[in-house]
2 protein chains.
Amino acid sequence: MESYLQNLKDNCLKITPRRKAVIDIFVSNGSRMGPYDVYGKLKKRLSTIGLPTVYRILSELKDIGILVQSISEDRQLRYSLCTLPDVHHHHFTCRKCSKIEEVEFCNFKGVSRFIEKKFNAKVEAHQVQIEGLCSECK
Amino acid sequence: MESYLQNLKDNCLKITPRRKAVIDIFVSNGSRMGPYDVYGKLKKRLSTIGLPTVYRILSELKDIGILVQSISEDRQLRYSLCTLPDVHHHHFTCRKCSKIEEVEFCNFKGVSRFIEKKFNAKVEAHQVQIEGLCSECK
DNA sequence: CTCTAAATAGAAATCATTTCTATTTATACT
DNA sequence: AGTATAAATAGAAATGATTTCTATTTAGAG
């Protein structure tokens, strides 16, 4: 938790009860959540909290690398704690419980070479979304 | 073009001027487009066309495998012709001109095995979005 | 040509997300 | 500890992509 707060300071973001609560929800919950999920959990602790505040905080935490943003099947925002902020990695999402695992492995080079050769193109980025069932939901 | 119309028939969808026009726009254009892009192009040929009609037709063409649906960075719908309907493949999108190339190559098994072993999970699906610059925009 | 279910136009609704503005608060500095 | 100030927030309102609704039109079978 301390390192998250330090991260906020390092990025000139004040440590407010709202921000601490959002981080805490992700730390204690661990799964992938949308703004409305987070809002629902926050309401229990802080009765006066606005949805726009949740959206803003989630976006800020993404910007400084505490959360990862992803897009769900229904094209809506999802966030999850990023435990590997500086390493290139992908995400595995459980289709049943929405838990997210960080996949510190990427064999994308082959595809990249294939594309650059076949289409004479320049590959700049890639994003992989992997889905399935986690050990508990299997 | 004939095979597209046959595909419509096979799926009990009537061959209407609107549907033909939408397919034609993709065939002659080739790039990835959103509903509003398609709507704009349709307006030139058919003055009375509604945006809801465009959304519906795009969704229908996706359902029968003529178009591929993808989600762009801005979380909006994008469609492109699917020339490899039955083969597992991915898509490469040019960041400059939005042209889309179908990548008939996938070395995903390694990642899949890694995940199943490390997390004791079951991988069911994956989706890869690759971006860069095409040969012309390079 | 006629009939019928499917397709469509246009208006309206939906709803996630963002913007705006007045008020409150964290924190740097006395 | 008290104060000043920029940052953060609540709540209302706006935005805008997408979907739904309904009356009208049309493709295609017979």
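On a predicted model such as this, the values are computed, not experimentally measured, just so you know. We use all heavy atoms of the structure for the numbers below, so side chains are in, but hydrogens, waters and symmetry mates are not. Here is the naming used below: chain letters follow the sequence lines, and residue numbers restart at 1 for every chain.
Note: the hydrophobic cluster containing A:Tyr39 also contains A:Phe26 (ILVMFWY, side chain heavy atoms under 4.5 Å, direct or indirect links). A:Ile57 and A:Leu77 fall within a single hydrophobic cluster, where Ile, Leu, Val, Met, Phe, Trp and Tyr side chains are chained together by heavy-atom contacts under 4.5 Å. Cluster annotation: A:Val68 and B:Ile115 are assigned to distinct hydrophobic clusters (Ile/Leu/Val/Met/Phe/Trp/Tyr, side-chain heavy-atom contacts under 4.5 Å, transitive).
Between A:Phe114 and A:Phe119, the ring planes lie perpendicular to each other; the angle is over 60°, past the 30° to 60° tilted range.
Rounded to a whole Å, the CG atom of B:Asp74 is 13 Å from the P atom of C:dT17. Computed from coordinates, the A:Leu58 CG to D:dA8 C1' distance equals 15 Å when rounded to whole Å. Rounding to whole angstrom units, CD1 of residue A:Ile64 and C1' of D:dA8 are separated by 14 Å. Here the C1' atom of nucleotide C:dT17 and the CD atom of A:Glu60 are 15 Å apart, to the nearest Å. If you take CZ of B:Arg18 and C1' of D:dT25, they are 10 Å apart, rounded to a whole angstrom. Across the protein-nucleic acid pair, B:Tyr39 atom OH and D:dT18 atom P stand 14 Å apart, rounded to whole Å. Rounded to whole Å, atom C1' of D:dT18 lies 13 Å from atom CZ of B:Arg78. Look at CD1 on B:Ile57: it is 14 Å from C1' on D:dA27, rounded to the nearest Å.
Note on B:Arg19: a side-chain N or O is less than 4.0 Å away from OP1 or OP2 of C:dA7. Between A:Tyr55 and C:dT17, a side-chain N or O to OP1/OP2 separation shorter than 4.0 Å is present.
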All N/O contacts under 3.5 Å from nucleotides 22-26 of chain C to the protein, with atom names and distances to one decimal?
from: C:dA26; atom 1: N3; to: A:Lys14; atom 2: NZ; distance (Å): 3.3

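Each of C:dT17, D:dT9, C:dA11 was ranked by its minimum atom distance to the side chain of A:Leu77; first place goes to C:dT17.
Residues from residues 43-51 of chain A lying near DNA chain D, meaning a heavy-atom separation below 4.0 Å, are A:Thr48, A:Ile49, A:Gly50 in numerical order.
Residues that satisfy the salt bridge (charged side-chain N to carboxylate O under 4.0 Å, His left out) test with B:Asp74, not counting sequence neighbours, are B:Arg78.
Atoms NZ and CG, on A:Lys118 and A:Asn120 in that order, are 13.5 Å from each other to the nearest 0.5 Å. The distance from the CG atom of A:Asn7 to the CD atom of A:Glu2 is 12.0 Å, given to the nearest 0.5 Å. Atoms CZ and CD1, from A:Arg45 and A:Ile25 in turn, are 4.5 Å apart once rounded to the nearest 0.5 Å.
Nearer the 5' end of DNA chain C, as judged by each residue's closest nucleotide, is the contact made by B:Leu13, out of B:Leu13 and B:Arg75.
Listed for the B:Gln69 side chain is no donor-acceptor partner under 3.5 Å among the backbone atoms of B:Ser59.
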